[in-house]
Amino acid sequence: MRLTQFHLATVKETPSDADVISQKLMLRAGMIRKLAAGIYTWTPLGLRVLRKVETIVREEMNRAGALELLMPSIQPRELWEETERWAKFGGQLLKIKDRKDGEFCYGPTHEEVITDFARGELRSYKQLPINFYQIQTKFRDEIRPRFGVMRAREFLMKDAYSFHLDEACMQREYQNMYDAYTRIFTRLGLRFRAVAADSGAIGGTGSHEFHVLADSGEDAIAFTSDGNYAANVELAEAIAPGPRAAATQALEQFATPTQRTCEEVAALLGAPLATTVKSVAVMGEQGFVLALVRGDHQVNEIKLAKIEGLGEYRLATETEIIEHLGAVPGFIGPLSPKKSITVIADRTVAAMSDFVVGANATGFHTKGVNWGRDLPEPLVADIRNVVEGEPAPMGTWSIARGIEVGHVFQLGQKYAKAMGAEVLDENGKARTMFMGCYGIGVSRIVAAAIEQNHDANGIQWPNAIAPFHVAVLPLGADRSEAVRAAAEELYSQLTAAGLDVLMDDRKGVRPGAMFADQELIGIPHRIVVSDRGLAAGQFEYRDRRAAENENWSREGLVERLMAKIRG
RNA sequence: CGGGGUAUAGCGCAGUCUGGUAGCGCGUCAGCCUUGGGCGCUGAAAGUCGGGGGUUCGAAUCCCUCUGCCCCGACCA
């Protein structure tokens with residue numbers, strides 16, 4: 001591509017409403033332009049990257065045996081009523097009406113449509129297993145879209161759905177997709193990690209998220225020091241500490257007129273935060289529950305929701321807290337509540353002695369508290385987030401940040417059952433199919449790749465998804481016929497070799513501007529053609545990630561470059 | 001949905017308090033100059049000051065109203 005034939009839309013000034021680096025760089029490089037909140041136009045430059053990601057995803061899905069199809073983006077309400085998700089999906093579902101007042105939504109996902117398709121198409125176990133996928137624009141009306149295409153409302157997604165006669169077959173395909181995803185992210189040239197994820201209320205035996213590692217990631221991932229296990233922080237198990245020490249202190253209530261948080265109480269006492277216990281009051285299905293974690297820990301809502309009797313719990317209101325405990329929030333604890341309540345202690349809390357809690361009297365806390373002696377033994381469960389460096393089932397936990405770009409999921413029979421998707425087995429008996437679903441955020445990958453690969457000058461694309469592999473920059477082509485001819489010849493050869501080449505043939509553009517644009521848009525390799533170089537019989541090569549130039553002779557240049565790009 | 005901002009040239013912003021001929025930087029266009037890190041100089045084009053209503057001799061500026069967008073929070077495969 002000659003730059004004069006292309007639409008380069010770089011800007012010098014950083015857009016003021018961009019709050020993550022990928023969004024800034026995508027706007028400055030002219031890859032995207034915002035049309036409305038969370039809705040973007042992909043420019044020719046940005047689209048080249050998006051298409052490269054899409055192509056790799058498609059090739060690997062095909063290789064894994066999945067079949068591409070394309071479903072409608074507009075879906076009728078009736079289908080969503082069958083799974084009761086018309087109401088349950090919530091505000092993210094963009095609902096629209098046609099001229100006859102028929103109700104539709106813009107598809108945020110396609111379980112209903114594919115299951116409807118499958119129940120019509122699939123009749124015999126002989127047609128199974130089968131895996132259908134599409135790469136398509138989705139819309140989720142996010143409450144607060146932000147971070148550019150990282151969390152846009154309209155986005156490009158690959159979604160696949162597999163159908164099976166039994167669970168074992170579903171699990172085999174799940175593994176097949178897991179392996180395909182590993183190949184995809186490896187080919188994309190990204191540093192990533194597959195992590196065990198919470199499978200939520202749907203249950204099922206498995207779910208993994210694929211995260212691109214980046215400090216700016218929205219999700220915390222926990223992984224063990226031996227590298228063999230990684231989990232969403234929501235799932236990582238906090239193991240029980242050693243046995244409880246014997247009580248040494250007497251129970252003592254003390255005044256904390258203005259100290260409501262564990263931090264404030266610990267500061268007042270001059271004691272470590274880890275000697276305090278935080279009490280979180282919630283209302284579960286079976287009544288009032290007090291969840292206890294150590295002062296320096298955080299309650300994990302997903303773990304808490306899994307406890308028997310809690311289910312769809314919510315935080316207790318101030319009125320409920322006063323009614324059950326007799327004190328206002330900030331001074332509550334498990335000691336002598338006003339009414340009978342359930343106390344659930346985190347494993348760590350259960351192993352504490354001589355600890356500090358709210359006294360259930362406004363303005364007071366109590367120290368020297370001990371299980372068994374001062375209050376009954378609690379129910380014990382793992383209800384907190386793990387923290388950096390603490391013991392894990394194997395080794396110790398480390399915490400990293402990641403951007404979720406893929407998710408594989410064993411759906412089981414949830415949708416097939418709700419929608420009556422059945423096939424006849426070898427005995428002629430109708431059986432509800434098992435399903436798996438597998439998503440990849442294609443447009444999000446573009447942003448995630450930038451979060452992971454950039455410097456002060458701009459983007460540093462991995463070769464596999466760079467909009468162009470190499471930039472040819474002729475310096476002074478306006479006045480040097482030799483430079484112009486050499487650049488043209490090089491451009492032809494590189495293009496003929498199958499590389500994506502961008503030649504900066506703009507008139508009167510100074511070298512500094514050429515370099516700045518090439519670095520901003522992140523072309524991974526550049527070759528400078530100049531009178532100075534030609535006189536020495538050399539071309540100047542620079543890797544986007546390198547600080548220094550290399551002088552390459554004309555001989556073997558194309559091969560040398562190919563080796564760098566194709567690996 | 002709650003709270004807080006903001007809307008002025010293609011982009012980024014000042015001007016609004018205290019009403020009186022629409023400004024700056026970047027970009028764009030023309031010319032000169034320059035040619036290894038977003039050069040320099042000269043000139044030019046470009047704005048129903050988010051929409052509607054009101055006050056006033058006169059409104060970007062004051063009042064009312066609507067809308068978009070941004071930030072914080074709650075929420076979220």
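The chains referred to below are lettered A, B, ... by the order of the sequence lines, with proteins before strands, and numbering in each begins at 1. Any value given below was found using the heavy atoms of this structure, including those in side chains, with hydrogens, waters and symmetry copies removed.
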Trainee: For A:F288 and A:E320, which heavy atoms make the closest approach, and how far apart are they?
Mentor: CE1-O, 3.8 Å
Trainee: So which protein N/O to nucleotides 75-77 of chain B N/O distances come out below 3.5 Å?
Mentor:
from: B:rC76; atom 1: O2'; to: A:Q92; atom 2: NE2; distance (Å): 3.1
from: B:rC76; atom 1: O2; to: A:R151; atom 2: NH2; distance (Å): 2.1
from: B:rC76; atom 1: N3; to: A:R151; atom 2: NH2; distance (Å): 3.2
from: B:rA77; atom 1: N7; to: A:E404; atom 2: OE1; distance (Å): 3.1
from: B:rA77; atom 1: N6; to: A:R444; atom 2: NH1; distance (Å): 2.1
from: B:rA77; atom 1: N6; to: A:R444; atom 2: NH2; distance (Å): 2.6
from: B:rA77; atom 1: N3; to: A:R140; atom 2: NH1; distance (Å): 2.1

Trainee: Kindly write out the residues that satisfy side-chain hydrogen bond (donor to acceptor under 3.5 Å, both in side chains) with A:E142, not counting sequence neighbours, or none if the list is empty.
Mentor: none
Trainee: Can you name the atoms? Protein N/O to nucleotides 2-6 of chain B N/O, anything below 3.5 Å, with the distance.
Mentor:
none

Trainee: Tell me which one of A:E218, A:R146, A:E451 satisfies side chain to side chain contact (heavy atoms under 4.5 Å, CB included) with A:V20.
Mentor: A:E451
Trainee: Strictly by side-chain hydrogen bond (donor to acceptor under 3.5 Å, both in side chains), give each pair with a member in residues 502-516 of chain A just once, sequence neighbours left out.
Mentor: A:T4-A:D505, A:D504-A:R506, A:R506-A:D517
Trainee: Tell me, please, which residues at least two apart from A:Q460 pass side-chain hydrogen bond (donor to acceptor under 3.5 Å, both in side chains).
Mentor: A:D455
Trainee: For A:R153 and B:rC69, what is the distance between atoms CZ and C1' respectively, to the nearest whole Å?
Mentor: 11 Å
Trainee: Starting at atom NZ of A:K34, determine the distance to atom C1' of B:rA7, rounded to an integer number of angstrom.
Mentor: 12 Å
Trainee: How many Å lie between CZ on A:F147 and C1' on B:rC69, as a whole number?
Mentor: 17 Å
Trainee: Using nucleotides 35-44 of chain B, report all nitrogen or oxygen pairs with the protein that are shorter than 3.5 Å.
Mentor:
from: B:rU35; atom 1: O2'; to: A:R479; atom 2: NH1; distance (Å): 3.2
from: B:rU35; atom 1: O2'; to: A:R479; atom 2: NH2; distance (Å): 2.9
from: B:rG36; atom 1: O6; to: A:S530; atom 2: OG; distance (Å): 2.4
from: B:rG36; atom 1: N1; to: A:E540; atom 2: OE1; distance (Å): 2.8
from: B:rG36; atom 1: N1; to: A:E540; atom 2: OE2; distance (Å): 3.2
from: B:rG36; atom 1: N2; to: A:E540; atom 2: OE1; distance (Å): 3.1
from: B:rG36; atom 1: N2; to: A:E540; atom 2: OE2; distance (Å): 2.3
from: B:rG37; atom 1: O4'; to: A:G512; atom 2: N; distance (Å): 3.4
from: B:rG37; atom 1: O6; to: A:R526; atom 2: NH2; distance (Å): 2.8
from: B:rG37; atom 1: N1; to: A:E519; atom 2: OE1; distance (Å): 3.4
from: B:rG37; atom 1: N1; to: A:E519; atom 2: OE2; distance (Å): 2.9
from: B:rG37; atom 1: N2; to: A:E519; atom 2: OE1; distance (Å): 2.4
from: B:rG38; atom 1: O2'; to: A:K12; atom 2: NZ; distance (Å): 2.8
from: B:rG38; atom 1: O6; to: A:R28; atom 2: NH2; distance (Å): 2.9
from: B:rG38; atom 1: N2; to: A:D517; atom 2: OD1; distance (Å): 2.7
from: B:rG38; atom 1: N2; to: A:D517; atom 2: OD2; distance (Å): 3.4
from: B:rC39; atom 1: N1; to: A:R510; atom 2: NH1; distance (Å): 3.4

Trainee: Checking salt bridge (charged side-chain N to carboxylate O under 4.0 Å, His left out) for the pair A:E112/A:R77: CA distance, chi angles, key distance, verdict?
Mentor: CA-CA 10 Å; A:E112 280 81 3; A:R77 170 174 180 163; over 6 Å; no
Trainee: Can you tell me how far apart CD1 (A:I114) and CZ (A:F163) are? Round to the nearest 0.5 Å.
Mentor: 5.0 Å
Trainee: Check whether more than 12 heavy atoms from other residues, nucleotides or ligands sit under 6.0 Å from atom CD of A:Q298, and answer yes or no.
Mentor: no
Trainee: For A:N453 and A:R545, test the side chains for any donor-to-acceptor distance below 3.5 angstrom and give the result as yes or no.
Mentor: yes
Trainee: Can you check the A:Q23 CD to B:rC69 C1' distance for me, whole Å?
Mentor: 13 Å
Trainee: Check the distance between B:rC70's C1' and A:L35's CG and give it to me in whole angstrom.
Mentor: 16 Å
Trainee: For the CD atom on A:E301, are there more than 12 heavy atoms of other groups (residues, nucleotides or ligands in this structure) within a distance under 6.0 Å?
Mentor: no
Trainee: For the pair A:F89 and A:W80, name the ring-plane relationship: parallel under 30°, tilted 30 to 60°, perpendicular over 60°.
Mentor: perpendicular
